[in-house]
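Remarks on the structure that follows.
Start at 1 and go down the list; that is how both ligands and their atoms are numbered.
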Amino acid sequence: MGSSPWATRPPFRRWAYLVLFIIALVCIVPFHSSTFLSSVFLQSSPQEFARRSQILSKCAYIRSKPGPPPNFHDRTQSDRYADSENTPPVLVRNATIWTAANDGHEVLNGDLLIHRGLIKAIGNVPLSLIRQVESKHGKLEVVDVHGAWVTPGIVDLHSHIGVGSVPELNGASDTNSRKAPILPWLRSIDGLNTHDASYELAIAGGVTTAQILPGSANDIGGQAFIMKLRPTAERSPSSMLLEPPYTLNGSHFDHSLTPRWRHMKHACGENPSRVYGMTRLDSGWNFRAAYDSARKLRDAQDDFCAKAESNSWDDLAGNAFPEDLQWESLVDVLRGRVRLSVHCYEAVDLDGIVRLTNEFEFPVASFHHAGETYLVPDLLKKTWGGTPAIALFASNFRKKREAYRGSEFAPRVLAEHGIDVVMKSDHPVVNSRYLLHEAAQAHYYGLNPALALLSVTYTPATAMGMGHRIGMLKAGYDADVVIWSSHPLSLAATPTQVYIDGIPQLSHPGRHVAKGPTTSPRTPDFDSEKVAAVAHEGIPPLEPRSVKGALFVNVSGLYMRGGGSTGVARISEKVGSVGVEDGRVVCVSQCSDFAQGAADIVDLEGGTITPGLTSFGAPLGLVEIRLEPSTNDGSVYNPLDGDLPAILGDTIMRAQDGLMFGGQNLLLAYRGGVTTAITAPSGTFLQGVSTAFSPGAAHANVKNASVVDEVALHVGISMSSRIGVSTQIAALRNMLFGEGGDKVLRRVRKGKITLVVDVESADIMATLLRLKDEYEAHSGRELRMTFAGATEAHLLAYEIARAGVSVIVTQSKPFPSTWEQRRILAGPPITQESLVTALLKAGVNVAIGVIDEYNARNTRFEAGWFLLTSNGFIDRATALALATTNLEKALGVQREMPQDLVAYRGGDVFEFEAKVVGVISETLGRTDLFV
Ligand SMILES: *[C@@H]1O[C@H](CO)[C@@H](O)[C@H](O)[C@H]1NC(C)=O
Ligand SMILES: *[C@@H]1O[C@H](CO)[C@@H](O)[C@H](O)[C@H]1NC(C)=O
Ligand SMILES: *[C@@H]1O[C@H](CO)[C@@H](O)[C@H](O)[C@H]1NC(C)=O
Ligand SMILES: *[C@@H]1O[C@H](CO)[C@@H](O)[C@H](O)[C@H]1NC(C)=O
């Protein structure tokens with residue numbers, strides 16, 4: 001930590017305090033009873049005097065409210081200003097500055113002066129001030145951003161960065177303790193690792209500050225800490241902390257200082273229940289028992305202080321100030337000196353916590369995950385001490401029962417009830433590098449733009465008690481500043497530079513980033529969807545309204561499959577109207593006859609009709625609630641585990657046999673423009689045979705519900721498996737070189753269907769390429785092979801291209817979760833290339849997929865991500881091909897795919913703009929409308 005005005009104050013303050021105390025004694029004594037004199041001073045030894053004054057100062061301290069010290073805004077240098085890093089003063093010129101002030105409505109066109117870790121001036125920076133800084137510190141570094149958007153650094157209210165290791169390693173998995181459900185005495189700082197691949201990535205996404213919460217395995221998991229993500233000269237975890245509470249290093253600190261905020265995590269619901277084999281009933285009692293202990297300690301302290309302050313020292317003779325290291329932090333919660341973050345999803349849990357706050361009278365700063373908060377706004381308002389902020393994901397729902405009713409409309413609904421909305425990462429659950437992307441999604445689904453930007457800046461800063469110095473761009477605030485490539489709410493907004501404490505964090509500012517749209521995306525109207533989400537308590541009916549024919553009017557463009565180098569061709573622009581019947585286009589532009597019919601007329605408001613997308617990678621149709629086995633198909637047997645039941649023989653499992661239709665993830669994907677899902681069975685090593693089907697079908701026996709019964713054979717080769725990699729490769733080799741076995745395997749051997757290998761490591765890919773060569777030389781036949789996942793594929797892109805192997809990239813936003821993924825190609829602004837552009841340039845057939853079933857609906861935005869971050873290398877037809885023709889080629893789909901089309905209303909398909917309003921399904925022979 002650097003030296004700040006108030007951090008250097010303690011010696012002076014202590015001295016001043018004593019003088020004031022003595023002056024007070026001298027002044028007060030003549031007017032007060034002699035008891036005071038005799039008890040505090042006259043009859044006590046110097047030691048007793050010191051003890052008593054210490055007690056009195058402690059009693060005053062425990063009741064004082066945390067916050068910045070009164071002179072905080074007089075500071076001329078940040079306590080975090082690092083002289084040793086030789087930070088030059090910077091003038092950011094010609095910026096469009098979203099300051100967060102005026103409830104998020106203030107935008108200044110002008111400059112920003114950064115000096116000594118602080119924002120010195122903003123908007124119109126006076127020349128005199130620039131001269132003054134220059135005269136003392138030499139030339140300013142001037143950064144002309146040519147009108148680019150500038151925002152405060154992104155603030156993450158919920159992160160586990162540094163405490164859970166990335167890549168995952170057993171040696172640093174310190175997010176949770178599993179010792180007991182109630183652990184208020186634990187502190188996340190004790191597990192905070194500075195060696196973590198996430199820091200650089202998060203900063204590259206503009207994240208500058210994060211609250212490091214313990215995990216949710218416990219009802220009370222422990223104390224949280226706020227940190228800035230930049231590396232420090234000291235390299236220690238402690239030196240990364242922002243305003244750590246003075247209690248951090250013991251009880252010996254200056255009690256005359258204004259206390260700093262403390263932070264703590266609570267969690268209710270499924271997670272603690274799962275870890276401790278408890279129920280919600282147990283958790284409820286755990287909380288009450290813990291708060292009862294804290295309350296008793298607090299009352300004992302208050303009694304003690306009341307006696308001390310009324311000079312009843314004789315009553316206290318021989319008694320020490322009541323303390324208990326295990327409960328002191330929870331006492332501070334009761335005293336309103338802790339910013340509490342409560343992980344809580346369902347109405348039942350929220351109600352329990354709201355009751356708890358009223359029983360024990362303590363405030364909650366924020367509810368996290370909070371899937372059902374939008375359904376119970378009035379309950380939230382009953383929280384003791386005021387309505388907490390609500391910290392949400394944008395679209396990561398349904399993974400477990402308590403998340404099943406989560407809604408993309410929650411941010412908007414809460415905001416409409418006047419409740420503060422925060423978007424959070426829960427890093428690494430959502431890679432915090434893309435926290436702003438969560439806010440942009442919330443905006444797409446109807447949160448107003450000012451609140452969307454506030455949700456990752458000033459609102460979380462305030463919720464963590466740091467609103468006096470971060471989350472806003474204002475003279476005197478910390479110089480945490482991000483310069484963006486485009487409007488920050490546009491789909492692929494990417495920082496071109498990030499300052500933390502005035503220190504630039506990107507080594508190649510701006511070099512890898514293409515300029516995007518500078519205006520806010522024109523978001524669609526989701527009013528009726530929002531109303532339905534609330535009316536149906538998060539499980540709105542998602543089935544389409546199927547019609548025989550429809551007329552789409554005000555259509556600006558029509559793309560269809562077939563033709564062009566990508567297999568996707570634009571038929572015409574400014575087509576005006578498109579008539580469809582039985583799932584086929586029957587007229588374009590000249591639809592006057594058609595319009596006479598009784599068909600539905602759907603205004604696309606200048607939108608387009610585009611081929612439906614194909615989804616791959618997520619277990620769509622096999623998984624509904626991932627953590628509820630009874631809602632899923634389950635895992636297939638792993639023959640390498642040796643416990644294969646005899647009845648299965650050589651059989652390889654088929655995804656088609658386990659398909660379930662009508663699930664929320666499936667229907668949301670359909671409503672997101674996914675007209676074909678290709679799903680492989682879930683398993684390790686030998687996964688089984690994938691199937692292609694229509695997400696819009698009501699059940700498996702609907703005509704054409706199955707598009708291709710058996711698509712490809714899937715295996716996974718992973719270093720994270722219990723069985724060694726060389727054993728897995730040996731097993732695969734034996735499968736290929738052997739004879740007999742399942743008929744799918746025999747077709748793979750004949751080069752008739754594709755072998756898709758889930759593989760991340762470049763080394764394993766190299767081995768697989770050798771195996772392919774070996775097999776082809778031996779058999780004289782082609783082995784059709786595709787890599788899926790393939791995070792490290794850029795390292796051997798040319799070899800993959802030469803081998804004719806396709807790659808399906810399933811992480812559009814690369815993240816080194818595991819060791820075998822650690823050599824990611826991070827993409828802009830860290831590297832020029834993304835995995836997709838690097839592979840395309842090498843001549844590989846590249847496609848994209850997603851991993852999580854909730855994310856299948858976002859396939860279109862993933863394609864848009866690659867389009868917009870490719871620096872112009874990828875065109876729109878190629879972006880579309882990534883999730884259609886290239887994917888089908890990679891999986892070896894052998895039929896001509898049906899001409900399923902998606903009608904988008906308004907705006908750009910590859911931005912957070914257009915909305916899917918219909919599917920023209922040749923597959924199902926009908927048109928499905930969502931309006
Ligand atoms: C700011 O940048 C924009 C875009 O490059 C340019 O048109 C404008 O003239 C610049 N304004 C100033 C004051 O330099
Ligand atoms: C104790 O913690 C405070 C922050 O709360 C810090 O400023 C101070 O340097 C620490 N003291 C020691 C001895 O580490
Ligand atoms: C098409 O929609 C756009 C956007 O709503 C609108 O401005 C335009 O007037 C419409 N054109 C026609 C012909 O309806
Ligand atoms: C089913 O698929 C076939 C082949 O693509 C197609 O000809 C037919 O129109 C589709 N739809 C129905 C309802 O049969």
Would the number of heavy atoms belonging to other residues, nucleotides or ligands and lying under 6.0 Å from NZ of Lys752 be above 12?
no
To which protein heavy atom is atom 6 (C) of ligand 1 closest, and what is the distance rounded to 0.1 Å?
Asn94 ND2, 4.1 Å
From the candidates Arg895, Glu922, Arg584, the one that places a heavy atom nearest atom 7 (O) of ligand 4:
Arg584
Contact summary for Ala415 and Leu451, nearest pair of heavy atoms:
CB-CD1, 3.6 Å
How about atom 14 (O) of ligand 3: does it have a protein heavy atom within less than 4.0 Å?
yes
Give the atom numbers and elements of ligand 4 that come within less than 4.0 Å of a heavy atom of Leu924.
13 (C)
The option among Asn704, Asp582, Val702 carrying the non-hydrogen atom nearest to atom 10 (C) of ligand 4 is Asn704
How far is atom 8 (C) of ligand 3 from its nearest protein heavy atom, and which residue and atom name does that atom have?
Asn554 ND2, 3.7 Å
Using every non-hydrogen atom in the two residues, find where Gly662 and Leu667 come nearest and quote the distance to one decimal.
O-CD1, 3.6 Å
For the student: nearest non-hydrogen atoms of Phe594 and Val580, plus distance:
CZ-O, 3.2 Å
Atoms of ligand 1 under 4.0 Å from any heavy atom of Gly147, numbered from 1 in the order shown, are 2 (O)
Can you label the angle between the Phe526 ring and the Tyr444 ring as parallel, tilted or perpendicular, going by 30° and 60°?
perpendicular
Nearest-contact summary for atom 4 (C) of ligand 3 - protein heavy atom, Å:
Glu605 O, 3.5 Å
Numbered atoms and elements of ligand 3 in range of Gly606, under 4.0 angstrom, heavy atoms
1 (C), 2 (O)
Cationic N near anionic O, under 4.0 Å, Arg522 to Glu605:
no
Shortest non-hydrogen pair, Asn845 vs Ser806, comes out as ND2-OG, 3.0 Å
